[in-house]
Amino acid sequence: MLGPLDDIVVLDLSRALAGPHAAQMLGDLGAKVIKVEHPEGGDESRGWGPPFVGPDHDISTYFLAANRNKESITVDLKSAEGKELIERLVRQCDVLVENFRTGVLDRLGFPVQRLHELNPRLVVLSITGFGHDGPEGGRPGYDQIAQGEAGLMSLTGPSPDEPYRVGASIADLLAGIHGAYGVVAALYERERTGRGRVVRTSLLAAVAGVHSYHGTAWTVGGKVPAAAGNHHVSIAPYGSFRCADGVLQIAAANDGQWRKVAALLGIDPGEPRYASNRERWAHREELIADMERALAAHDRGHWLARLAEVGVPAGAIRSLDEVYTWDQTRSQGLLVEVEHPVLGRIELPGPPLRFEGLEVVRHRPPPALGGDGDAVLAWLEERES
């Protein structure tokens with residue numbers, strides 16, 4: 001690997017999704033990531049499916065999604081031998097990632113104080129469900145629980161009476177993203193201070209951290225936002241609209257774009273109900289009905305072409321097979337090819353960042369359980385010598 005973090009070593013003690021995603025992001029940036037798994041079964045996501053693939057249908061595609069660019073070793077963290085190995089690894093690593101419940105790492109013999117005694121330069125990323133302290137700090141958290149508790153489900157769905165979870169495990173993934181950028185900031189700070197520090201985030205914090213204008217609608221405006229289906233809560237027209245053969249999306253985020261849409265659909269843009277965003281939003285149901293009557297005259301392809309001609313943002317709603325066979329997706333490096341020891345040559349969703357003038361030579365496939373034990377031990381002995 002080549003990347004901005006190619007001199008950084010990450011010890012990944014996490015499992016499931018939030019922690020592994022954070023560590024995978026650091027691996028995508030070039031860090032050496034050593035994933036520590038229990039000898040009996042490893043990361044629990046190895047058993048999450050369907051789908052399962054491989055000759056014996058025992059390889060979880062879920063695990064493949066969060067563990068590229070890592071090496072796997074098996075360690076029993078409760079054994080004396082396992083604790084000794086972790087101590088040796090901590091001394092040689094730059095970052096430790098963990099998402100145990102609050103207090104578990106302490107009980108295993110590795111409180112933060114001990115970790116920094118072993119390696120004062122160590123950056124520790126700790127991801128929890130609801131935070132490491134506070135009245136519910138020790139509470140376990142899974143993605144869907146956090147989506148509900150952090151308010152996201154109240155904003156998602158066709159109406160306030162039908163709260164929906166976001167289809168992706170967005171609380172886990174956002175916690176991983178926030179955690180990774182916190183690690184990078186702490187590594188930068190370490191260059192000045194010579195010391196590492198603990199970076200904390202949680203599934204609750206990750207979701208609350210992206211409330212954005214929904215949050216200020218309440219904290220400043222005193223209004224509790226609610227689910228509004230596929231239409232924007234503040235902008236109109238901005239959402240999904242039916243046409244002759246299905247649905248397309250149109251986003252007219254300002255009056256200039258609205259005038260172009262109106263001209264295309266034969267609607268008077270100066271009509272008092274639609275003259276400004278404030279009026280269009282107040283009469284949104286009437287606006288949607290007027291637009292869909294006009295859109296019904298042609299199919300999606302026709303309207304997408306015409307909207308592109310006049311410069312109005314619009315798009316289809318693609319299934320994932322369409323996304324990953326789309327030339328634009330592939331042109332952005334959003335698929336990477338790896339050589340898996342069992343599956344052979346496979347494609348994985350790739351990292352969302354590209355660095356000008358710095359090309360990745362190759363990506364490592366997600367590892368077999370304990371498949372890199374000898375290599376990691378040899379690397380460790382070399383570092384220690």
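All values below come from the heavy atoms of this structure, side chains included, with hydrogens, waters and symmetry mates left out. Values in this document were obtained by computation on a predicted structure and should not be read as measured data.
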Looking only at side-chain N and O atoms, does [Y] offer a donor or acceptor that is under 3.5 Å from a partner on [X]?
X	Y	result
S126	E98	yes
Q147	D143	yes
D321	S319	yes

- Would you please name every residue forming a salt bridge (charged side-chain N to carboxylate O under 4.0 Å, His left out) with R88, sequence neighbours left out?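 Testing R88 for salt bridge (charged side-chain N to carboxylate O under 4.0 Å, His left out), a comparison that skips the adjacent residues, returns E384.
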- Kindly write out the residues that satisfy salt bridge (charged side-chain N to carboxylate O under 4.0 Å, His left out) with D43, not counting sequence neighbours, or none if the list is empty.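 With sequence neighbours excluded, D43 shows a salt bridge (charged side-chain N to carboxylate O under 4.0 Å, His left out) to K35, given in chain and number order.
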Around [X], counting heavy atoms of other residues, nucleotides and ligands shown, do more than 12 lie under 6.0 Å from its [atom1]?
X	atom1	value
N254	CG	yes
F52	CZ	yes
Y181	OH	no

[X]: which residues meet the side chain to side chain donor-acceptor pair (under 3.5 Å) condition with it, sequence neighbours left out?
X	answer
R293	D290
D12	S14, K70
Q249	S240

- Query: If every non-hydrogen atom of A175 is compared with every non-hydrogen atom of A206, which pair is closest and at what distance?
  - Reply: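 Nearest pair, atom of A175 first, then A206: N-CB, 3.4 Å.
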- Item | Minimum heavy-atom distance between L203 and A171, given as atom pair plus value |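 In this case the closest contact between L203 and A171 is CD2-O, 3.8 Å.
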- Task: For a side-chain hydrogen bond (donor to acceptor under 3.5 Å, both in side chains) with E339, tell me which candidate from H363, R362, R345, R364 qualifies.
- Result: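 The single option meeting the side-chain hydrogen bond (donor to acceptor under 3.5 Å, both in side chains) with E339 is R345.
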- Query: Does a salt bridge link K32 with E71, judged by any charged N lying under 4.0 Å from a carboxylate O?
  - Reply: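 Salt bridge present between K32 and E71.
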- Task: Have a look at P351 and tell me which of Q24, R68, M25 forms a side chain to side chain contact (heavy atoms under 4.5 Å, CB included) with it.
- Result: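 The passing option is R68.
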- Query: So which of R195, R121, R197 actually passes side chain to side chain contact (heavy atoms under 4.5 Å, CB included) with R190?
  - Reply: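 Result: among R195, R121, R197, R121 is the only option passing the side chain to side chain contact (heavy atoms under 4.5 Å, CB included) with R190.
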- In Å and rounded to the nearest 0.5 Å, what is the CG to NE2 distance from L105 to H132?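 Separation between the atoms: 13.5 Å.
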- How does the hydrophobic cluster around V336 look, that is, which other residues are in it when side-chain heavy atoms under 4.5 Å mark a link?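 Answer for V336: V53, I59, L64, V338, V342, L343, I346, L348.
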- If you group Ile, Leu, Val, Met, Phe, Trp and Tyr by side-chain heavy-atom gaps below 4.5 Å, do I267 and L307 land in one group?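 Same hydrophobic cluster.
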- May I ask you to check whether F241 and H231 place their ring centers less than 6.0 Å from one another?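 Yes, close enough.
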- Query: So W303 and H298, would you call those rings parallel, tilted or perpendicular, with 30° and 60° as cut-offs?
  - Reply: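 Taking H298 first and then W303, their aromatic rings stand perpendicular (interplane angle over 60°).
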